[in-house]
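All heavy atoms count here, side chains included; hydrogens, waters and symmetry mates do not.
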Amino acid sequence: HMRFSVKGVLVAESTFTTSRRAAERILATRRAELVEQLVLGKLKPIKLHTAIDEFLRSRAQLPSYKNAKMHLDLFRALPNHTLDKITDHQLLTIIEERFAAGKAKSTVGVTVNYFNALINYCATKEYTVRKKMKTIKGVKGRIRWLTDEEEARFFAAIDPKAEYHGKNLVSDAQKQENWDLAKLLSHTGARYTEIADMNWSQVDLINQTVVIKRGKGGIDSTMHMTKTMREIFERRRIMEKGDYVIGSKVGKHNETKWVHAAVKRAGLSTVDGSISLHTLRHSRAVKWLHAGMNPLEVQQMLGHRSCLLYT
């Protein structure tokens, strides 16, 4: 057993050996690591239980908080070592116990995903971390969607009317294109190409309806315009002289560079998964469900041939 402190940080843990010489080498290595971290300004150590507490506090206002707590509290059964000292064998015992308790593969997969999210969070906070657990094959991560507050921050980050470094008319015009595209995606729940390739024959400004032509063998749908949609279509009808609603986006693949930059400026967490323009589709589906639509109605609005669950 070794016990020492560096700058007030106490280390009291087993060397897991009965050899005095081996124990002395482990002690020297551990002390050197801590000196590097605390004295030389390198990464900080954090214990497992403290890491879980910090991670959960950062998510206290999110809808997924209870689920995150349920899964991560399972790891409190492990020794409260620093994260970098938690072993593969210790983590495997948690996973094996989950399977032994009859939990489905998908449920255990979520447990693994939350632990890996914890590792990501601690890495961003410059704590020393261990490697992430191997994901369970065949299990998809949780669907990422934005809360109203997160969505407001995203759109504020791409607002062409806002002040930003290097502001000019060309940049403003580019931001307006991106803002219009993202707003239409958000209000329709459409896929990227379904808005990027939309032509004016699909838009009826008199009756205030728009036809969404679905890709991937989906079912075309007609929806009434929201106030925001109508304002965008009316403004762009004056601007655009061609056949397409947003001519600059026609034929382009899903854009990522400016989206990733906006996510970073907005300070949105990607711990639960990456955020792309497709996330706006998931977000709209969740909003419809929260508004009282049943899953079959949401299926029709999204143009799916089968019912996907966002609950």
Kindly work out whether a path of hydrophobic side-chain contacts (I/L/V/M/F/W/Y, heavy atoms less than 4.5 Å apart) joins [X] to [Y].
X: Val250; Y: Val203; result: no
X: Val210; Y: Leu205; result: yes
X: Phe233; Y: Met239; result: no
X: Ile246; Y: Tyr244; result: no
X: Phe154; Y: Tyr164; result: no

Check whether [X] reaches the backbone of [Y] with its side chain - one donor and one acceptor, N or O, closer than 3.5 Å.
X: Glu24; Y: Arg21; result: no
X: Ser171; Y: Lys167; result: no
X: Ser221; Y: Gly303; result: no
X: Gln208; Y: Met225; result: no
X: Glu151; Y: Asp148; result: no
X: His282; Y: Arg144; result: yes
X: Arg153; Y: Gly267; result: yes
X: Arg98; Y: Val108; result: no
X: Lys103; Y: Ala100; result: no
X: Arg214; Y: Asp220; result: no

Would you call [X] and [Y] a side-chain contact if the rule is heavy atoms closer than 4.5 Å?
X: Asp243; Y: Trp200; result: no
X: Val245; Y: Glu240; result: no
X: Thr222; Y: Asp204; result: no
X: Lys161; Y: Trp179; result: no
X: Lys85; Y: Leu48; result: no

Which residue in the set His224, His187, Glu234 passes side chain to side chain contact (heavy atoms under 4.5 Å, CB included) when paired with Met229?
His187
Distance in Å, [X] [atom1] paired with [Y] [atom2], rounded so as to fall on 0.5 Å steps:
X: Cys122; Y: Ile46; atom1: SG; atom2: CD1; result: 5.0 Å
X: Leu185; Y: Leu280; atom1: CG; atom2: CG; result: 6.0 Å
X: Thr188; Y: Arg284; atom1: OG1; atom2: CZ; result: 8.5 Å
X: Ile232; Y: Leu184; atom1: CD1; atom2: CG; result: 4.0 Å
X: Ile86; Y: Leu78; atom1: CD1; atom2: CG; result: 6.0 Å
X: Trp145; Y: Glu150; atom1: CH2; atom2: CD; result: 8.0 Å

So, for [X] and [Y], which heavy atoms are closest and what is the spacing to 0.1 Å?
X: Met133; Y: Ile95; result: CE-CG1, 3.5 Å
X: Leu74; Y: Ile94; result: O-CD1, 3.5 Å
X: Thr82; Y: Asp84; result: OG1-OD1, 2.8 Å
X: Ala157; Y: Ala262; result: CB-O, 3.6 Å
X: Asn116; Y: Lys132; result: OD1-CB, 3.2 Å
X: Ile52; Y: Leu72; result: CD1-O, 3.5 Å

If the threshold is 4.0 Å, N to carboxylate O, is there a salt bridge linking [X] and [Y]?
X: Lys183; Y: Glu231; result: no
X: Arg236; Y: Glu177; result: yes
X: Lys131; Y: Asp88; result: yes

Sequence neighbours excluded - side-chain hydrogen bond (donor to acceptor under 3.5 Å, both in side chains) pairs with any residue from residues 70-79
Asp53-Arg76, Lys69-Asp73, His71-Thr111, Asp73-Arg76
Could you check Gln176 against Asp180 for side chain to side chain donor-acceptor pair (under 3.5 Å), going step by step and ending with a plain yes or no?
CA-CA 6 Å; Gln176 188 68 65; Asp180 288 351; 2.9 Å; yes
Quick one: do Arg191 and His278 satisfy side chain to side chain contact (heavy atoms under 4.5 Å, CB included)? Show the steps, please.
CA-CA 7 Å; Arg191 299 181 183 89; His278 198 74; 4.2 Å; yes
Once you measure the plane-to-plane angle for Phe55 and Tyr121, does it fall in the parallel (<30°), tilted (30-60°) or perpendicular (>60°) bin?
perpendicular
Do we see a donor-acceptor contact under 3.5 Å between the side chains of Gln174 and Asn178?
no
Quick one, Tyr114 with Leu118, criterion side chain to side chain contact (heavy atoms under 4.5 Å, CB included). Give me CA distance, side-chain angles, the key distance, then yes/no.
CA-CA 6 Å; Tyr114 269 118; Leu118 170 71; over 6 Å; no
